[in-house]
There are 2 protein chains.
Amino acid sequence: MRNPTLHDVARAAGVSYSTADRVLNERGGVAEKSVLRVRHAIEKLGYRRDIHAANLSRRRSYAFRFYLPHGDHSFFSILRQTVEQQARQRLADRIAIAIHEVPALDAEALADQLLLIGRQDCDCVAFVGADSARLTQAVSRLAGMGIPAISLISDAAGDARAQYVGIDNRVAGRTAGRLIRLAHSRRSGRILPILGKLGVRDHRDRLDGAREVLAETPALQVLAPLEILDRPERMRDSLTAALHADPGVTGIYSIGAGNRALIDILGRLAAPRPFAVLHELTPQTRPALESGLIDAIIDQKPAEEIRSAIDAMKAIADRQTPPATDITPTIYLKDNLPGPAGNGGPA
Amino acid sequence: MRNPTLHDVARAAGVSYSTADRVLNERGGVAEKSVLRVRHAIEKLGYRRDIHAANLSRRRSYAFRFYLPHGDHSFFSILRQTVEQQARQRLADRIAIAIHEVPALDAEALADQLLLIGRQDCDCVAFVGADSARLTQAVSRLAGMGIPAISLISDAAGDARAQYVGIDNRVAGRTAGRLIRLAHSRRSGRILPILGKLGVRDHRDRLDGAREVLAETPALQVLAPLEILDRPERMRDSLTAALHADPGVTGIYSIGAGNRALIDILGRLAAPRPFAVLHELTPQTRPALESGLIDAIIDQKPAEEIRSAIDAMKAIADRQTPPATDITPTIYLKDNLPGPAGNGGPA
DNA sequence: TCAAAAATGATTGACGTCTGTCTTTTTTAG
DNA sequence: CTAAAAAAGACAGACGTCAATCATTTTTGA
């Protein structure tokens with residue numbers, strides 16, 4: 001019942017170990033008929049190379065790099081912690097993960113960093129996507145050097161990247177929209193979207209998604225989105241102004257960051273607060289949900305994402321077909337929040 | 001920058017490899033001061049045993065057993081498929097998973113099976129929990145034999161089981177309740193819970209959870225639960241009767257199985273259908289959600305569960321502290337369904 | 001102080017694979 | 001038919017750990 005070894009394969013194929021090895025590792029210099037016999041024996045015995053023994057023998061270890069945005073967004077720091085934690089766990093699997101911080105939302109700076117990577121530096125790269133032609137160039141260059149790159153959180157670099165691991169933002173927007181619709185049951189209402197920047201594709205996608213769903217109910221009117229440009233004081237001022245100007249707002253969809261200020265304002269509002277949906281479970285948003293200041297959080301489960309990303313990177317590095325990563329936006333209500341420790345990994 | 005080996009540790013501790021090995025593997029016969037020196041060196045160098053080399057050397061492989069309910073519930077067949085799929089993947093990690101089918105919802109039959117397990121048969125067992133004193137006994141016996149067992153989906157066997165991997169059903173019920181509450185916004189309503197059997201603890205837990213949340217809104221009345229005892233025709237008859245008797249039902253919470261019949265009936269109802277929440281994403285429930293016959297599915301993400309379970313089993317078998325498994329009930333709306341292929345694993 | 005016991009050291013052959021070298025056999029071409 | 005080239009085989013030393021044996025040193029107690 002032992003798994004067959006390459007020795008078994010060689011014996012079954014009637015060739016020497018050397019020849020079996022030459023076939024398995026495509027070293028060349030083997031007659032066609034021997035190749036076939038070995039291939040056939042592999043098939044017949046169901047031989048699978050012991051990847052750990054192989055890695056041990058060739059002293060292989062996996063060097064991966066994560067390029068993560070640096071900034072005081074809580075989401076980014078959660079992301080970073082998650083990667084650090086997983087990095088610790090994967091050490092036992094010979095996976096060494098290095099984290100490189102780059103300025104947040106700066107595709108050019110990211111491209112610069114990626115352009116500095118040398119052939120020997122790592123086996124695979126993961127980066128948080130952003131839109132930029134130079135970024136695409138940089139990723140293509142990496143691909144040319146044999147270093148695959150995967151985009152995280154936000155897709156980018158078109159076909160140059162080996163894979164995207166993250167949610168579909170239109171789906172996330174639709175989900176938020178569905179929740180808001182649901183919460184209005186048959187009442188009419190006015191929904192206020194708030195986003196960082198209309199120029200950011202992810203934000204537009206979420207907005208579009210929400211609009212799609214909300215448009216199905218004529219009684220719900222989607223107001224012009226507030227653009228807060230990642231500045232808390234802008235959130236404070238615009239939102240306060242908007243709520244004053246239109247006291248009939250029944251729903252708020254906060255698409256981007258700046259939730260701290262938003263929650264502050266919600267806390268000061270009188271009794272029938274608008275139904276509020278936010279993105280990302282953070283130390284700020286969680287208590288707001290628990291105390292009922294907001295009603296739902298759409299989360300992308302960074303722990304899952306990172307885990308999938310590393311799995312994909314390993315598969316790619318091993319030249320296997322990477323697993324299908326199907327990251328779906330999750331809905332947190334007051335009741336189904338994960339345990340406090342929980343970003344999914346070991347305590 | 002190579003990771004330190006046990007040779008390095010021995011050298012740093014000023015002892016022979018043998019002694020370091022004796023300390024590491026607790027073989028005894030080492031003077032206290034040597035033990036300390038080795039421990040210190042391990043600490044100082046940050047030595048971590050190369051678990052793959054170790055497994056290779058001792059020809060260790062992990063034999064796990066899953067005891068899964070056999071039946072025509074779609075959830076169970078999904079579960080089975082998920083285990084099979086993960087089993088295939090983990091093969092590369094020297095994990096051999098055997099699936100044993102037991103009659104569904106029959107704790108005694110399960111206990112019987114577990115009692116048959118011999119010391120050499122496997123390293124760890126996972127079973128879908130059920131309530132029974134004999135089951136607890138069987139699990140205790142296994143523990144005594146050095147075979148840890150973990151409960152899946154439904155917790156059982158008290159402290160005898162090494163870990164529980166699954167959702168908290170009260171949380172699931174609360175989540176369903178929250179959704180229903182949310183969908184009523186300020187309207188009043190009458191909620192009809194439907195469950196398999198009041199005697200089943202998981203079903204009670206879900207019901208209790210939903211009640212807790214719904215009780216917060218006096219305008220929502222929770223009707224007496226329909227008990228359908230896993231018989232489709234009972235679902236058809238009781239539900240039809242109940243809806244006739246009380247046309248004012250605005251919400252349905254289906255706690256257990258039998259959703260096929262439920263969906264049939266919902267399909268025949270006139271326009272303002274009650275808001276319906278079901279459990280488990282299956283080939284039956286999914287199209288119902290997509291077509292709007294039902295409004296939400298609470299899912300326990302079996303793929304995640306199985307993955308966590310196997311991780312936990314491996315950790316336990318390696319005598320490490322198992323990772324904290326934090327399985328949270330997920331809400332699926334029409335929009336955030338996973339890809340069709342997707343039960344989370346590779347395609 | 002000496003023998004017994006305890007502790008330590010030295011060494012070896014696995015585990016399954018990789019990689020290199022060197023020899024032998026077979027095939028091919030002239 | 002012969003020389004060269006191609007293919008195949010044999011073998012050995014790694015990788016890091018385990019597990020066992022045997023020899024040597026140190027400690028202990030009478």
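In what follows, every chain begins at residue 1, and chains take the letters A, B, ... in the order their sequences are listed.
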Peer 1: Check every atom of C/dC18, D/dT17, D/dA8 against the side chain of A/S34 and return the nucleotide holding the closest atom.
Peer 2: D/dA8
Peer 1: Atom OH of A/Y17 and atom C1' of D/dA12: how far apart are they, to the nearest Å?
Peer 2: 13 Å
Peer 1: How long is the line joining CG of A/D21 and P of C/dG20, in whole Å?
Peer 2: 11 Å
Peer 1: If you compare every side-chain N and O of A/R49 against the phosphate oxygens of C/dG16 (OP1, OP2), does one of them come in below 4.0 Å?
Peer 2: no
Peer 1: Roughly how far, to the nearest 0.5 Å, is the CZ atom of A/F75 from the CD atom of A/Q300?
Peer 2: 3.5 Å
Peer 1: CG of A/L110 to OH of A/Y67: how many Å apart, nearest 0.5 Å?
Peer 2: 8.5 Å
Peer 1: To the nearest Å, how far apart are B/D50 CG and D/dC18 P?
Peer 2: 9 Å
Peer 1: Out of curiosity, B/L114 CG to B/Q137 CD, how far, rounded to the nearest 0.5 Å?
Peer 2: 12.0 Å
Peer 1: With a 4.0 Å cut-off on heavy atoms, is A/H7 in touch with a base, just the backbone sugar-phosphate, or nothing at all?
Peer 2: base
Peer 1: Donor-acceptor pair under 3.5 Å: do we get one between A/R22's side chain and the base of D/dG9?
Peer 2: yes
Peer 1: Could you tell me whether the side chain of B/I167 reaches within less than 4.5 Å of the side chain of B/K301, counting heavy atoms only?
Peer 2: no
Peer 1: With hydrogens left out and only the distance checked, is there a donor-acceptor pair under 3.5 Å joining A/S18's side chain and the base of D/dA8?
Peer 2: no
Peer 1: Is the distance from OP1 or OP2 of C/dT8 to the nearest side-chain N or O of B/T19 less than 4.0 Å?
Peer 2: no
Peer 1: Starting from P on C/dT26, measure out to NZ on A/K33 and report it in whole angstrom.
Peer 2: 10 Å
Peer 1: Between B/S57 and B/V30, which has a closest nucleotide on DNA chain C that is more 5'?
Peer 2: B/V30
Peer 1: Can you find a donor-acceptor pair, distance only, under 3.5 Å between A/S16 side chain and D/dA8 base?
Peer 2: no
Peer 1: Roughly how many Å is it from CZ in B/R11 to P in C/dA10, rounded to a whole number?
Peer 2: 13 Å
Peer 1: Take atom CG of A/L6 and atom P of D/dA8, then tell me their distance rounded to the nearest Å.
Peer 2: 15 Å
Peer 1: How would you label the contact of A/N25 with the nucleic acid (heavy atoms, under 4.0 Å): base, sugar-phosphate, or nothing?
Peer 2: sugar-phosphate
Peer 1: Phosphate oxygens OP1/OP2 of C/dC15: is one of them under 4.0 Å from a side-chain N or O of B/R94?
Peer 2: no
Peer 1: Taking only the side-chain heavy atoms of B/R59 (C-beta and beyond), determine which of C/dC15, C/dT19, C/dT17 contains the nearest atom.
Peer 2: C/dC15
Peer 1: Between B/R58 and B/G29, which is nearer to the 5' end of DNA chain C once each is assigned its nearest nucleotide?
Peer 2: B/G29
Peer 1: Any carboxylate oxygen within less than 4.0 angstrom of a Lys/Arg side-chain nitrogen, looking at B/K44 and B/D8?
Peer 2: no
Peer 1: Walk me through it: do B/F127 and B/V102 pass the test side chain to side chain contact (heavy atoms under 4.5 Å, CB included)?
Peer 2: CA-CA 10 Å; B/F127 63 95; B/V102 292; over 6 Å; no
Peer 1: Which part of the nucleic acid does A/L24 contact within heavy-atom distance under 4.0 Å: base, sugar-phosphate only, or nothing?
Peer 2: sugar-phosphate
Peer 1: Expressed as a whole number of angstroms, how long is the span from B/Y47:OH to D/dG16:C1'?
Peer 2: 8 Å
Peer 1: Once you round it to whole Å, what is the distance between P of C/dC18 and NE2 of A/H52?
Peer 2: 13 Å
